[in-house]
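Below is one structure, written out as structure tokens, with a few remarks after it.
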Amino acid sequence: MMNQRSTLRLVALSVLFGATLAVAKERPNIIFIFSDDHAEHAISAYGSKVNQTPQIDRLATGGARFSNSFVTNSICTPSRATLLTGQYSHLNGVPVFNRFDGSRDHVAKHLQAGGYHTGMVGKWHLGSDPTGFDRWIVLPGQGAYWDPTFLVPGTRKLSIKGHCTDITTDLGIEWLETRPKDKPFFLMLHQKAPHRQWQPTERHVEMFKDKVIPEPETLWDDYATRPAALPENRQTIARNLYRRDLKQEPPAGLEGKELVKWKYQRYMQDYLACVQGVDDGVGKVLDYLDDKGLAENTIVMYSADNGWYLGDLGLYDKRFMYEPGLRVPLLARGPGIKAGSVPDQFVANIDLAPTFLDLAGLPVPEFMQGRSLAPLLRGESPAEWRDTIYYRYYHDPGHHNTAAHLGVRTATHKLIFYWKKDAYEMFDLINDPTEQHNLLFDEAEAGKPEIAAMFVELKAEIKRLQKQFKDDGQYADSSTWPRGSADGPFGHYQQIGEKSVADAIAETE
Ligand SMILES: [Ca+2]
């Protein structure tokens, strides 16, 4: 005979079981917030020494912060093609700033076919109109910081008064507000900021104009053991920040190191002010979800399209496979995600598309090369997770005379190969985390058995990864790069006037 206690247990179990079924039926919404050139070390949850990002930090405290998140080609347009396809550049047809072929299969098409209402708002930078999205509104090419023009379906364009970061956030919220309520949604909300030339809003200029930003320890890097590519690069704080980057003339009489220090401060004040706008936007989206009761069934992820140098190695920009260029932030909060967790497995941008599909309960197509991060978000430690990352950068000479290179990163070492120069660099990341000492520079050191053995091992690992990821050297030669620019042309788009955010979203129907 059932006593009161067991009856209660039965009720509790059925409630629990019922709740589980309800969750299983209701698939989560997904909002992917992407920014452009946001360094991991300009996020306080990642231990930033230069700023505070309280809103992005909410994702870390309420969810997961990946501590080893990398990109496979640290540059804008290729990273965006990888985000969509889950493929390396050599397979998705976008090694450099070339146009993405929108007829290719990609993640948004699968989510759309799988019953999701799909949206793309903000910076797209793939040269072709978005496909696979029910509603979209995107910047043409890089877009503008102030009074930006946006493209909408039907080869039309409109302009909106104000600052691009705030407008993009508001467009995202308006998109959410006007979505059909009978479907789960997938929204890609992509900020232009903090891309060069760093034009922040007045309120953020005020925050940083008198701040003195700490200098990184490698600001004065002389590239002593790395002569292959670093000395010829043109993305240095000292020589390659121009009037339009700095926005003002240096104080009279400033020269040498003092001038470089001044340039670093000017650059960082504007860069960090732009980051603050992105952080505000994340907060606004999270508040919206809270207010509307959407937070408990919406997964919010945050990442950036490539790494970024905050004066590290004397640089700004991305491209180089050294740690600041290779690492990107990745945080996620939402149902089933363990709060305050810090997964340390090696993850990469090829994993994002498979993750979105898996979270949506959809199969991951064969062509995607990444792996779903859903188990890591749940706090699991799957067996046989990857422990090396393969990287390949093509855009040589590009905008900053950055030599083409490929390489591998392990938990302890990194090998970089500048293939046009036939030059290798190898680093011990445990004892030399800022990659100042190339172990192959000095012949006597390179000849030491343990170093020679590591060199052989890492070269073999590159070969293995190239085979695994089917990289047979496609696009290694710039004459084979696909044609068509990610920057347009957009001249044939018909201007339909200046709009409010709400009117602009109405045009995406
Ligand atoms: Ca970028």
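Atoms within a ligand are numbered from 1 in the order they appear, just like the ligands themselves. Sequence positions, counted from 1, serve as the residue numbers for this chain. Since this is a predicted model, take the numbers as computed values, not measurements.
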Residue Asp37 atom name (nearest to the Ca ion (ligand 1); N/O/S): OD1

Picking from Arg239, Arg196, Arg266, Lys263, what satisfies salt bridge (charged side-chain N to carboxylate O under 4.0 Å, His left out) with Asp245? Arg196

For Trp146 and Lys161, run side chain to side chain contact (heavy atoms under 4.5 Å, CB included): C-alpha distance rounded to whole Å, both residues' side-chain angles, the deciding distance at 0.1 Å, then the answer. CA-CA 7 Å; Trp146 287 101; Lys161 283 264 180 254; over 6 Å; no

Which residue pairs pass the salt bridge (charged side-chain N to carboxylate O under 4.0 Å, His left out) test when at least one of the two sits in residues 82-109, sequence neighbours left out? none

What N, O or S atom of Asp36 is found closest to the Ca ion (ligand 1)? OD1

Of all N, O or S atoms in Asp305, identify the one at the shortest distance from the Ca ion (ligand 1). OD2

Answer yes when Asp37 and Lys192 have at least one side-chain N-carboxylate O distance shorter than 4.0 Å, and no when they do not. no

The Ca ion (ligand 1) to Asn306: any N/O/S contact under 3.0 Å? yes

